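Here, residue 1 is the first one in the sequence, and each next residue gets the next number. We count ligands from 1, going down the list as the structure has it; atoms in each ligand are counted the same way. None of the values given here were measured: they were computed from a predicted structure.
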Amino acid sequence: MSHKRVAILISGGGSNMLALLDSMVGDHPARPCLVLSNDPKAGGLARAAARGVPVAAVDHRPFKGDRAAFEAELLKPLEAAEPDIVCLAGFMRVLTGDFVSRFQGRMLNIHPSLLPKYTGLHTHARALEAGDAEHGCTVHEVTAVLDDGPILGQARVPVLDGDTPEALAARVLEQEHRLYPEVLRRFAEGRRDPVRLG
Ligand code: GAR
């Protein structure tokens, strides 16, 4: 059996990326082919390289908001790696419809809320402000609409008395590290029925 090739896009420390890398061993149907960042200083790049995974970075800043030009550069290492599946894992740049359509049906994202609630930023603070009893994270297929697309899995956590955005974020992140590998494995096996955790 030939393994599915997985590219992972990050912007920061890459804890979800590491959870994905650590899962792709043994009888897992996929293997990592690239970790790519829009920030050459992203801590996750060194952590991936230390595990022997090819890494690349394309700094978005010199492009000064010219998304098409940035994405043209980002595509070079990404297409050279010939991924079957692209995982966004804490990748904090919004991608254009053109870019997304190249990977239609094979690009995943993890978002720290129970979508369709709280697309965009500051999801933990917004869940607390709304007085929600539960919060969580979602893995979904990426479409041209931000934080939209078919849901492939969700994990729920209770909101506790006295929770702060930071405390809640930490508990959600633990669940992200369970959920994303579970969804990726199933997705690589061709399964799209949603995973429900928590
Ligand atoms: C994660 O909580 C992820 O869900 C979130 O950023 C964090 C990245 O952490 N992603 C988004 O907010 C995407 N809009 P990590 O770098 O340690 O995986």
I need the nearest protein heavy-atom contact for [atom]: residue, atom name and distance, please.
{"atom": "atom 15 (P) of ligand 1", "value": "Ser15 N, 3.4 Å"}
{"atom": "atom 13 (C) of ligand 1", "value": "Met92 SD, 3.7 Å"}
{"atom": "atom 12 (O) of ligand 1", "value": "Pro112 CD, 3.5 Å"}

Any atoms of ligand 1 less than 4.0 Å from a non-hydrogen atom of Gly90? List them with their elements. 6 (O), 8 (C), 10 (N)
Between His111 and His140, do the side chains contain a donor N or O and an acceptor N or O under 3.5 Å apart? no
Report yes if some N/O of [X] lies less than 3.5 Å from some N/O of ligand 1; otherwise report no.
{"X": "Gly14", "result": "yes"}
{"X": "Asn16", "result": "yes"}
{"X": "Glu176", "result": "yes"}

Common cluster, Val100/Phe103, ILVMFWY with side-chain heavy-atom separation under 4.5 Å: yes
Is the closest heavy atom of Ile110 to ligand 1 under 4.0 Å?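 For ligand 1, residue contact (heavy atoms, under 4.0 Å) with Ile110 is present.
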Could you walk me through whether Leu88 and Leu108 pass the side chain to side chain contact (heavy atoms under 4.5 Å, CB included) test, one step at a time? CA-CA 6 Å; Leu88 307 182; Leu108 312 184; over 6 Å; no
Would Lys76 and Glu73 count as a salt bridge (Lys or Arg N to Asp or Glu O under 4.0 Å) here? Give the steps. CA-CA 5 Å; Lys76 289 178 186 170; Glu73 285 307 304; 2.8 Å; yes
Given the rule in the side chain to side chain donor-acceptor pair (under 3.5 Å) test, do Tyr118 and Asp132 qualify, once you have shown the distances and angles that lead to the verdict? CA-CA 12 Å; Tyr118 314 128; Asp132 290 354; 2.7 Å; yes
For Arg67, run the side chain to side chain contact (heavy atoms under 4.5 Å, CB included) check against Val94, Leu95, Asp98, Leu74 and tell me which one passes.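 The side chain to side chain contact (heavy atoms under 4.5 Å, CB included) with Arg67 is passed solely by Val94 among Val94, Leu95, Asp98, Leu74.
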